[in-house]
2 protein chains.
Amino acid sequence: MRISELSERSGLPVQTIKFYIREGLLPRGVASAATRAEYDQTHLDRLRLIRALREVGNLPVAAIRRIVEAVEDPAVGLHDLFGTAQYALRPRVQAPEDDPDWGAARRDVDALIAELGWQVTERAPARDLLTQTFVALRRLDFTVTPDDLRPYVEAAVALAEHETGGLAEDASRARAVRGMLATVLYEQVLIALHRLAQEDASARHFGPS
Amino acid sequence: MRISELSERSGLPVQTIKFYIREGLLPRGVASAATRAEYDQTHLDRLRLIRALREVGNLPVAAIRRIVEAVEDPAVGLHDLFGTAQYALRPRVQAPEDDPDWGAARRDVDALIAELGWQVTERAPARDLLTQTFVALRRLDFTVTPDDLRPYVEAAVALAEHETGGLAEDASRARAVRGMLATVLYEQVLIALHRLAQEDASARHFGPS
DNA sequence: AACGATTGGATAGTACTACTATCCAAAGGG
DNA sequence: CCCTTTGGATAGTAGTACTATCCAATCGTT
């Protein structure tokens with residue numbers, strides 16, 4: 001198919017498709033002449049992947065490029081594939097240098113992870129994300145005790161085990177890619193359901209006005 | 001204190017503080033002369049609130065304005081206060097008009113919420129967020145069964161109950177404000193812990209390279 | 001009283017991201 | 001043969017959150 005048909009079938013403007021090609025998210029079509037190139041189902045599938053990661057996963061274009069490069073590189077192992085996707089997730093947090101509050105919170109985060117025995121790299125962005133939240137909570141005079149965290153840890157462990165468990169056997173590359181996708185998309189499911197459950201709980205406890 | 005001291009103590013540039021005043025996030029200082037105004041602890045507290053909502057909660061400035069207006073308006077009830085914060089959360093999803101996939105997914109979302117018996121308004125943004133995710137999952141050939149959702153629903157219910165339960169008695173306004181804050185900030189705790197637990201599970205199942 | 005620094009207030013500019021519009025020459029098709 | 005489409009390049013736009021500059025009126029100090 002030509003680019004106009006790809007545009008129709010994907011629902012994306014031709015200009016956007018050209019933009020994705022320029023940015024390295026989508027391979028060029030097979031050129032049949034100087035001004036003619038052929039696209040196929042793989043391009044359509046890729047566009048669906050891009051849109052899911054962009055719209056639902058809220059990933060920046062640069063991160064999606066890194067992900068599709070990792071997917072296409074057979075030398076990248078399954079665990080690294082997960083890591084590439086996970087480390088690309090937003091929000092990205094910039095750790096300040098020379099902030100004593102940050103340093104203290106970061107030590108608490110590292111201690112928590114060590115105590116739980118989790119295998120997480122030192123440079124995992126989620127460490128910074130949690131650190132940032134601890135800092136903000138303390139600045140607002142919330143104390144964060146292990147007891148406060150326990151329900152969240154339990155939920156996180158249960159869900160992560162559930163998500164990864166299904167992929168444990170027969171960890172083919174194709175499955176790994178789908179698992180990575182599920183990781184990104186089901187995080188949004190969790191967020192949405194959590195918000196809905198909160199609204200319900202708030203309605204029951206405080207009553208609608 | 002003058003604005004320069006407020007700037008020092010909050011760690012924010014004077015220009016940013018002026019910007020927040022212009023945008024209605026921070027009240028003006030008490031003018032003692034044409035070119036002199038006095039700021040106090042309440043301004044510092046407000047700045048901490050603003051930074052927590054902006055950096056950690058990732059809320060847009062316009063949403064923070066709506067929130068602080070609701071906090072300061074005694075006519076706004078506790079449940080509405082929660083709602084104002086929750087409905088301001090990102091990501092905001094724009095429902096397309098005339099998309100059959102969207103319509104079908106939206107009906108599933110509504111049915112799910114009805115079946116769970118949750119009290120959630122028709123216009124809750126989280127409905128659209130969940131709908132969008134369902135659409136993307138299906139376009140990528142993931143089927144989403146009630147069984148797939150159960151672990152997420154269970155986790156969401158447990159956490160929401162835990163979060164709201166602590167506030168049920170003595171629901172003073174000050175507590176409601178803090179509860180609203182906790183809602184926003186603990187969502188990030190959940191996200192961060194979930195990602196960390198996923199990395200750990202991935203490391204254990206697929207091994208680090 | 002003089003004077004350099006600070007302040008409040010207004011206006012304009014910047015950085016980043018993700019597109020979106022325009023242009024052009026070279027095919028392709030009826 | 002000519003009108004449309006295409007690939008490819010370049011430039012422009014929209015939204016968000018700041019950030020920089022300017023100006024005149026003080027303030028504190030001398």
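Quick note: numbers below take in every heavy atom, side chains included, and nothing from hydrogens, waters or symmetry partners.
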Whole angstrom value for the distance that separates [atom2] of [N] from [atom1] of [X]:
| X | N | atom1 | atom2 | answer |
| --- | --- | --- | --- | --- |
| A/E55 | C/dA18 | CD | C1' | 12 Å |
| B/I17 | C/dT7 | CD1 | C1' | 13 Å |
| B/E8 | C/dT6 | CD | C1' | 13 Å |
| B/L12 | D/dA17 | CG | P | 15 Å |
| A/L53 | C/dA18 | CG | P | 12 Å |
| B/E23 | D/dA17 | CD | C1' | 9 Å |
| A/F19 | C/dT22 | CZ | C1' | 17 Å |
| A/M1 | D/dT5 | CE | P | 18 Å |

salt_bridge([X], [Y]) N-O dist < 4.0 Å:
| X | Y | value |
| --- | --- | --- |
| B/D108 | B/R138 | yes |
| B/E55 | A/R139 | no |
| B/E161 | A/R204 | yes |
| B/D128 | B/R106 | yes |

Result for 5'-nearest mapping on DNA chain C, choosing between A/R90 and B/E5, is B/E5
Residues pairing under salt bridge (Lys or Arg N to Asp or Glu O under 4.0 Å) where one sits in residues 20-33 of chain A, two or more places apart or in two chains, turn out to be A/E23-A/R65
Below the 4.0 Å mark, does C/dC19 have OP1 or OP2 next to a side-chain nitrogen or oxygen of A/Y20?
yes
### Query
Looking only at side-chain N and O atoms, does B/T16 come under 4.0 Å of OP1 or OP2 in D/dT19?
yes
Discussion item. We want to know whether B/H205 and A/T164 form a side-chain donor-acceptor pair, criterion being a heavy-atom distance below 3.5 angstrom.
Written reply: no
- prompt: Which part of the nucleic acid, if any, lies within contact of A/R51, taking any heavy atom under 4.0 Å across all strands shown: a base, the sugar-phosphate backbone alone, or nothing?
  reply: sugar-phosphate
So ring-ring contact (aromatic ring centres under 6.0 Å, His included) across residues 34-77 of chain A, not counting sequence neighbours, yields A/Y39-A/H43
So ring-ring contact (aromatic ring centres under 6.0 Å, His included) across residues 12-31 of chain A, not counting sequence neighbours, yields none
As a check of understanding: the bend across the helix from C/dA1-D/dT30 to C/dG30-D/dC1, end axes from five pairs, rounded to 10 degrees, works out to 10°
Which atom pairs, one a donor and one an acceptor, fall under 3.5 Å between side chains of residues 177-191 of chain B and the rest of the protein, sequence neighbours left out?
{"residue": "B/R178", "atom": "NH1", "partner": "A/L140", "partner atom": "O", "Å": "3.1"}
{"residue": "B/R178", "atom": "NH2", "partner": "A/L140", "partner atom": "O", "Å": "3.4"}
{"residue": "B/R178", "atom": "NH2", "partner": "A/D141", "partner atom": "O", "Å": "3.1"}
{"residue": "B/T183", "atom": "OG1", "partner": "B/G179", "partner atom": "O", "Å": "3.0"}
{"residue": "B/E187", "atom": "OE1", "partner": "A/R195", "partner atom": "NE", "Å": "3.0"}
{"residue": "B/E187", "atom": "OE2", "partner": "A/R195", "partner atom": "NH2", "Å": "2.7"}

Under 3.5 Å, which protein N or O atoms sit close to an N or O of nucleotides 7-11 of chain D? Give each pair with its distance.
{"residue": "D/dG7", "atom": "OP1", "partner": "A/A37", "partner atom": "N", "Å": "3.3"}
{"residue": "D/dG7", "atom": "OP1", "partner": "A/A37", "partner atom": "O", "Å": "3.3"}
{"residue": "D/dG7", "atom": "N7", "partner": "A/K18", "partner atom": "NZ", "Å": "3.0"}
{"residue": "D/dG8", "atom": "OP2", "partner": "A/R28", "partner atom": "NE", "Å": "3.2"}
{"residue": "D/dG8", "atom": "N7", "partner": "A/K18", "partner atom": "NZ", "Å": "2.9"}
{"residue": "D/dG8", "atom": "O6", "partner": "A/K18", "partner atom": "NZ", "Å": "3.1"}

